[in-house]
Amino acid sequence: MRPVTDTTAPVATERGTSPRQPITQTIRIRLREPARARNIELVLLLLAIVVAVGAIVLVQLGVNGRTDDGMILLASLPPALALLIHVALRVVARDADPFLVPIGTALNGLGIAMIYRIGLADGAEGWDNSGVRQIVWTLLAMVAALATILVLRNHRVLLRYRFIAMFVGIGLLLLPMLPFFEAVNGARVWIQIGPFNFQPGELAKIALAVFFAGYLVTARDSLSLVGRRVLGLRLPRARDLGPILVVFAASMAVLVFQRDLGTSLLYFGLFLVMIYVATGRASWIVLGLVLFFGGAIVASQTLEYVNGRFTAWLSPFDPALYDERGGSYQLVQGLFGLGNGGLVGSGLGEGRPDLTPLAESDYIMSAMGEELGLVGVFAILALYLLMVSRGFRIGFTGQDDFGRLLGVGLSFVIALQVFIVIGGVTRVIPLTGLTTPFLAAGGSSLLANWIIVAILLRLSDSVRSAPRLVVE
Amino acid sequence: MSELTLLVLRLAFLAVLWLFVFAVVYALRTDLFGQRTRRMPQEQAAAASPFPTAQAAPEPVVPAARPAPAAAAPPRNSSAPGAPSDARRLVITSGAKEGMELELSTDQLTIGRSGESGLVIRDDYTSTHHARLMHWDTGWVIQDLDSTNGTYLDGQRVVLPTPVPLNTPVKIGTTTFELRR
């Protein structure tokens with residue numbers, strides 16, 4: 001570029017405006033900037049696709065010793081759809097967070113490979129193989145995410161529907177209680193329509209997060225400012241305790257009637273964190289934890305299945321408990337699998353993760369630990385950590401309070417769910433049945449988590465186009 | 001497929017998995033979420049009144065590159081071309097958010113009352129789209145977008161796009177800011 005001596009005139013001419021003319025006539029206020037976020041996303045997405053497709057190829061080499069082109073083609077459909085989401089984001093949400101879609105694609109691909117691998121070990125081919133069904137569910141979930149991104153142009157619209165969200169959430173939670181749906185493994189959280197199992201509680205968590213965010217935005221002043229100090233904690237007024245008691249009662253009802261510890265813990269934890277983020281008062285956490293642990297202790301004494309989970313957690317290697325029906329067999333098999341994996345694992349398709357019951361859903365993490373080893377498990381946990389940290393970051397930098405609460409709530413749901421499941425499998429906490437986000441077999445879980453990703457993408461797009469500094 | 005190939009492949013897979021993790025972390029490092037503002041410590045904020053000495057302003061970016069005497073020299077005619085300013089920060093020196101600073105990238109920064117602006121100034125004297133700072137080859141240039149109450153560079157109303165030297169007050173409404181290295 002030639003040297004410019006006069007700072008104003010030549011540069012102005014270069015831009016096609018006469019230096020003497022008022023420049024205001026020719027400016028365009030909104031300039032299109034290069035979509036830097038999207039370019040990062042593309043690079044990461046290509047890497048994620050290598051991970052997803054590589055996992056399937058390795059599974060086939062490990063199990064059969066040869067590759068099956070049809071299956072590889074089928075397994076490349078979700079990555080292809082992820083690329084389509086990427087293109088859609090380039091058009092409608094250029095500044096959305098570039099990390100969520102690649103991380104989701106990689107985790108989902110790993111999950112598909114492992115589920116397919118366990119199906120192969122059971123001798124299932126084609127549609128019988130739950131890996132194939134998982135691919136179909138993934139495609140559906142990604143289409144739902146795409147639709148969410150395209151339809152939901154502004155997340156503040158959700159604020160308007162907060163009470164509808166509440167009724168939808170409660171309705172979805174109660175749906176499996178209807179008499180014509182049967183309990184599966186003791187828990188009434190499934191509905192069966194034709195060949196499909198569906199867990200409506202997974203979708204309920206989105207609806208409830210929307211409702212909690214909407215409710216707390218309007219109610220947080222009374223929840224945070226008034227109350228009297230006791231022992232350094234500002235306790236809320238008795239009349240403000242209503243909502244937390246309602247949510248507590250609902251989660252206890254899930255525990256008692258649906259016999260599902262994990263879901264109950266998930267919803268109560270979600271509400272607790274959102275009320276803490278909205279009010280910034282530790283007394284809510286103290287209050288909530290006291291309530292929950294009180295409830296859990298009472299439940300462990302009175303409800304037989306909760307009690308069984310506790311004893312299996314505390315002494316899984318007791319031979320009597322190991323052989324007992326519904327005892328610690330599954331937990332111990334999972335631990336043996338993890339131990340067998342060691343540092344780098346047995347390699348995809350070369351271990352025996354199928355020995356653990358439900359290895360494709362609740363115990364997918366122990367299957368991963370067996371075949372990918374500690375190194376692989378930590379990589380997966382790092383991916384979850386990065387995804388959740390992005391979600392918190394989106395919540396942190398959000399402009400409106402509703403968006404901030406929603407972002408924090410939705411990403412905390414993923415974090416809590418990962419903690420509950422993996423903590424249960426690795427015997428950190430008592431085992432509770434929940435799906436591992438993106439990894440475990442289950443259409444409803446995939447659907448819910450991809451929709452969460454879509455909402456977070458929308459939130460992050462509005463964050464980035466916001467002003468950098470406001471003076472008022 | 002031999003045992004060895006399989007071993008190499010499965011270790012390679014773990015390597016790719018971690019490569020992906022590190023690629024995300026690397027991109028996170030470079031792509032900090034937008035530009036962040038931070039508040040200067042109180043005494044430095046006080047020192048940052050209209051014409052600070054170069055030493056008073058914290059210079060985390062390039063401590064060696066002090067503003068050249070020509071650039072730091074006070075009053076200038078706003079229509080005369082100033083020294084090229086490779087400012088990295090915009091510091092608010094008076095007004096409601098005194099002491100706040102904003103890191104400048106090479107993108108333009110729009111200033112105004114509208115929420116779409118990069119720097120939103122909400123007071124009675126600021127227009128919706130008031131002014132913009134552009135990074136030209138020679139440095140930062142301020143352009144008044146036909147605002148009602150005007151943009152003042154060092155006390156002179158800005159009519160044409162004018163280079164903004166370092167440490168020179170730009171006044172918009174009740175807010176004054178300076179560009180710093």
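Hydrogens, waters and symmetry mates are skipped; everything else that's a heavy atom, side chains included, is used.
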Toward chain A, the part of B/Leu90 with a non-hydrogen atom under 4.5 Å: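 Neither part.
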Report which part of [X] has an atom under 4.5 Å of a heavy atom belonging to chain B: side chain, backbone, both, or neither.
X        : answer
A/Leu44  : both
A/Thr67  : neither
A/Glu350 : side chain
A/Ile103 : both
A/Leu372 : both

Pair B/Ser127-B/Ser147, side-chain donor/acceptor within less than 3.5 Å: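 No pair is found: no donor N or O on one side chain lies under 3.5 Å from an acceptor on the other.
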Residues B/Asp123 and B/Thr174: side-chain donor-acceptor under 3.5 angstrom: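 Yes, a side-chain donor-acceptor pair sits under 3.5 Å.
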Most chain A-contacting option - heavy-atom pairs closer than 4.5 Å, from B/Leu17, B/Leu7, B/Thr175: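 Result: the option with the highest number of such pairs is B/Leu17.
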Contact winner vs chain A - B/Val21, B/Val24, B/Val16, heavy-atom pairs under 4.5 Å: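 Of the candidates given, the most pairs with chain A belong to B/Val24.
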Heavy-atom pair count under 4.5 Å with chain B, highest-scoring of A/Leu386, A/Ile380, A/Val50: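 Most pairs with chain B among the choices: A/Leu386.
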Is [X] salt-bridged to [Y], cutoff N-O under 4.0 Å?
X        : Y        : answer
B/Arg89  : B/Glu103 : no
A/Glu370 : A/Arg352 : no
A/Arg156 : A/Asp400 : yes

Residue that, paired with A/Leu456, satisfies side-chain contact (heavy atoms from CB on, under 4.5 Å) out of A/Leu100, A/Asp461, A/Asp97: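 When A/Leu100, A/Asp461, A/Asp97 are each tested with A/Leu456, the side-chain contact (heavy atoms from CB on, under 4.5 Å) holds only for A/Leu100.
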Expected output: side-chain B/Arg113 to main-chain B/His130 donor-acceptor under 3.5 Å: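 Between the backbone of B/His130 and the side chain of B/Arg113 there is no qualifying donor-acceptor contact (under 3.5 Å).
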